[in-house]
Amino acid sequence: MLTASVLERARESAESLMTDECTVVRPGEAATDPATGEVRLTSTQVYAGHCKVQTSGGLASENVEGSAAQAIGTVSLVWSLYIHFPFGTMLRNGDLVTVTKSANPELVGRRYRMISPQSEKSWATACRWNVKEDA
């Protein structure tokens with residue numbers, strides 16, 4: 001039987017794998033600088049801390065009946081990109097994540113837009129989000 005102590009240990013275990021660090025900002029309204037007249041979007045930092053960048057997939061889209069790839073006989077790999085946060089981290093669709101520290105130097109400075117949560121379940125051990133790289 002799943003107990004509160006087992007769930008807590010599972011959450012601690014999931015968080016121990018979150019060795020990257022990031023900041024998350026929530027875009028706000030446009031504001032005009034009175035001195036320069038420049039219009040910029042405001043934003044508020046809503047999280048700074050541990051995270052984990054994760055990919056999964058590699059499924060060939062040729063397996064999808066009626067797909068364009070199937071029609072021309074090609075294989076197109078489809079990868080999903082996720083970012084995991086500690087359980088209880090309150091984020092929203094559209095928030096922007098910037099990786100500030102990682103064991104993989106290619107991830108540092110990368111920006112991602114939060115698309116949808118993947119942790120909507122009773123026994124979640126982390127807050128997992130689908131993301132897209134933000135240009």
Undergrad: Identify the two heavy atoms, one from V39 and one from A30, that lie closest to each other, and give their separation to 0.1 Å.
TA: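 Smallest heavy-atom distance, with atoms named: CG1-CB, 3.9 Å.
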Undergrad: Can you name the nearest heavy-atom pair linking T125 to F87, along with the distance?
TA: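 Minimum heavy-atom contact is O-CB, 3.9 Å.
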Undergrad: Hey, are E133 and R110 close enough for a salt bridge, meaning a charged N less than 4.0 Å from a carboxylate O?
TA: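 Between R110 and E133 there is a salt bridge, with a charged N closer than 4.0 Å to a carboxylate O.
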Undergrad: Judged by atom type as modelled, is there a donor-acceptor pair below 3.5 Å linking the side chain of R113 to the main-chain atoms of K132?
TA: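 No: the side chain of R113 does not pair with the backbone of K132.
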Undergrad: Side-chain donor-acceptor pair under 3.5 Å between R40 and S43, yes or no?
TA: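 No, S43 and R40 have no side-chain donor paired with an acceptor closer than 3.5 Å.
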Undergrad: Which heavy atom of V108 sits nearest to which heavy atom of T100, and what is that distance?
TA: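 In terms of heavy atoms, the two residues are closest at CG1-O, 3.8 Å.
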Undergrad: Give, for atom OG1 of T89 and atom CZ of R128, the distance between the pair rounded to the nearest 0.5 Å.
TA: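 If we round to the nearest 0.5 Å, T89:OG1 and R128:CZ are 11.5 Å apart.
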Undergrad: Keeping T36 on the side-chain end and E38 on the backbone end, is there a donor-acceptor pair under 3.5 Å?
TA: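 It does hold such a pair.
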Undergrad: Please determine which of E15, R11, K52, E12 meets the side chain to side chain contact (heavy atoms under 4.5 Å, CB included) test together with P86.
TA: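 Testing P86 for a side chain to side chain contact (heavy atoms under 4.5 Å, CB included) against E15, R11, K52, E12 leaves exactly one candidate, E15.
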Undergrad: H50 and F85: which non-hydrogen atoms are nearest, and at how many Å?
TA: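 The pair with the smallest heavy-atom distance is O-CD2, 4.2 Å.
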Undergrad: Please find the pair of heavy atoms, one from S102 and one from L107, that lie closest to each other, and give the distance.
TA: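 S102 and L107 have their closest heavy atoms at OG-CD1, 3.6 Å.
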Undergrad: Whether the side chain of S16 engages the backbone of S13 through a donor-acceptor N/O pair (distance < 3.5 Å, no angle test) should be reported.
TA: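 Looks like yes, one N/O pair under 3.5 Å.
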